[in-house]
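Each remark here refers to the structure printed beneath this line.
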Amino acid sequence: MTPGHDLFDPASLIVAHDETHAFEAVVPPIVQTSLFTFSSYDEMVATYRGERNRPVYTRGLNPTVRLFEEMLAKLEGAEDALAFASGMAAISSTVLSFVEPGDRIVAVRHLYPDAFRLFGTFFKRMNIAVTYVDGRDEAAVEAAMPGAKLFYMESPTSWVMEAHDVGALGAIARRHGAISVIDNSWASPIFQQPLSLGCDLVLHSASKYLGGHSDVVAGVVAGPKALIDRIRGEAYPYLGGKLSPFDAWLIVRGLRTLPIRMKQHQASALEIATRLQAMDVVETVCHPGLANRLPPGLNGTSGLFSFIFREGVDVRAFADRLRLFKLGVSWGGHESLIVPGEVVLEQKAQPNSAHTFGISARSVRLHVGLEGTEALWADLEPAIHAATSAAAS
Ligand SMILES: *Cc1c(COP(=O)(O)O)cnc(C)c1O
């Protein structure tokens with residue numbers, strides 16, 4: 001965490017707009033408009049000449065969206081941030097701002113599946129190559145980096161939760177002149193601030209913890225002004241994945257409880273992961289918080305992890321017995337969720353469907369929400385016992 005910047009202090013979220021918004025309303029207004037008019041020809045021409053920075057059209061600049069961007073920049077310790085209609089829009093617009101045909105990307109393995117599919121379809125068609133590496137193996141990252149234009153990482157990675165020394169990997173990329181981009185959706189800026197560790201750009205699916213209530217799909221990227229301006233200049237307006245004012249407003253609301261939500265996700269998920277690890281029917285729990293120590297720069301853990309059952313557990317019986325944990329993708333909201341690995345491996349309609357993302361058929365991904373920890377355990381434990389005896393009979 002940046003010295004002198006306490007993310008658990010609500011003041012850390014306050015940006016200038018907050019103090020000046022209309023009627024001193026405690027909640028900022030939603031500026032739900034597509035366009036902004038000018039009072040005179042002179043004002044219009046001054047704006048077009050770039051002498052005045054004011055909203056013109058919501059695909060470019062909208063005050064409610066800007067408020068979210070400024071809050072997120074503050075949380076990540078960034079000079080600037082840019083919001084998008086989804087996490088995938090943030091990923092595609094960011095990466096495409098720094099690579100062109102013939103370039104190569106180095107990425108950590110077991111990425112978020114749709115990022116992997118973007119790289120394996122569109123990027124492949126554009127002759128942008130991707131080399132995948134185990135991010136825990138710094139020698140392998142170093143060996144893959146010469147000549148790469150961009151280094152793309154998640155830490156921990158999706159599903160299997162391989163955690164990396166983000167600062168060390170960012171430094172390798174920098175030494176080789178590659179822009180480093182990290183998807184920080186899992187840890188959120190509350191537990192990991194990659195820019196302070198030496199990464200160039202940090203992005204999020206704001207659909208997860210930033211929004212926090214499973215009612216919005218959005219994305220955001222933050223970093224130095226020069227890099228954000230480059231994304232804002234071409235990819236943002238012309239690929240056009242802009243965030244709606246109402247969705248930005250929902251995230252602004254969500255951000256106000258981000259620190260306390262993350263504390264609770266951390267405590268409940270660690271408790272449940274520890275109890276799962278003690279069960280005979282559980283082979284492995286993939287949760288970075290169960291290791292002896294967290295990687296440098298990761299200051300806490302969130303509610304998403306996975307575990308692998310031993311052979312012979314009936315995962316279907318387990319899933320159907322649960323009541324509080326719902327079967328569902330996405331994560332980061334108040335509700336607890338599971339995704340069985342064998343269901344993901346059935347996802348045949350997707351491009352590159354042979355790729356397994358490191359997922360075992362005996363694994364289950366859990367998102368531990370904000371329900372009571374004991375109530376969640378009272379849901380899980382009998383479901384595991386039922387699944388074990390269903391398999392035995
Ligand atoms: C969900 C997710 C995304 C994609 O975000 P969308 O908002 O769904 O487009 C990207 N990265 C990670 C790690 C995610 O979990």
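Counting starts at 1 for both ligands and their atoms, following the listed order. On a predicted model such as this, the values are computed, not experimentally measured, just so you know.
Close placement of the Phe357 and Phe116 rings is indicated, their centers lying within 6.0 Å of each other.
Although no hydrogens or angles enter the test, the distance criterion places no donor-acceptor pair under 3.5 Å between the side chain of Glu374 and the main chain of Ala378.
Ring pair His355/Tyr132 is tilted by interplanar angle, where 30° to 60° counts as tilted. Taking the six-membered ring where the residue is Trp, His367 and His265 present tilted rings, their angle falling between 30° and 60°.
Remark: Arg174 is not positioned above the aromatic ring of Phe151, lacking an NZ or CZ atom under 6.0 angstrom from the ring centre and at most 45 degrees off the axis. A cation-pi contact links Arg125 to Phe122, judged by a cut-off of 6.0 Å to the six-membered ring centre and 45° from its axis.
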For ligand 1, output the ligand-protein N/O contacts shorter than 3.5 angstrom; if there are none, return none.
from	atom 1	to	atom 2	distance (Å)
ligand 1	5 (O)	Ser205	OG	3.0
ligand 1	7 (O)	Gly87	N	2.8
ligand 1	7 (O)	Ser205	OG	2.9
ligand 1	7 (O)	Ser207	OG	2.6
ligand 1	9 (O)	Gly87	N	3.0
ligand 1	9 (O)	Met88	N	2.8
ligand 1	11 (N)	Asp183	OD2	2.5
ligand 1	15 (O)	Lys208	NZ	2.6
ligand 1	15 (O)	Trp331	NE1	3.4

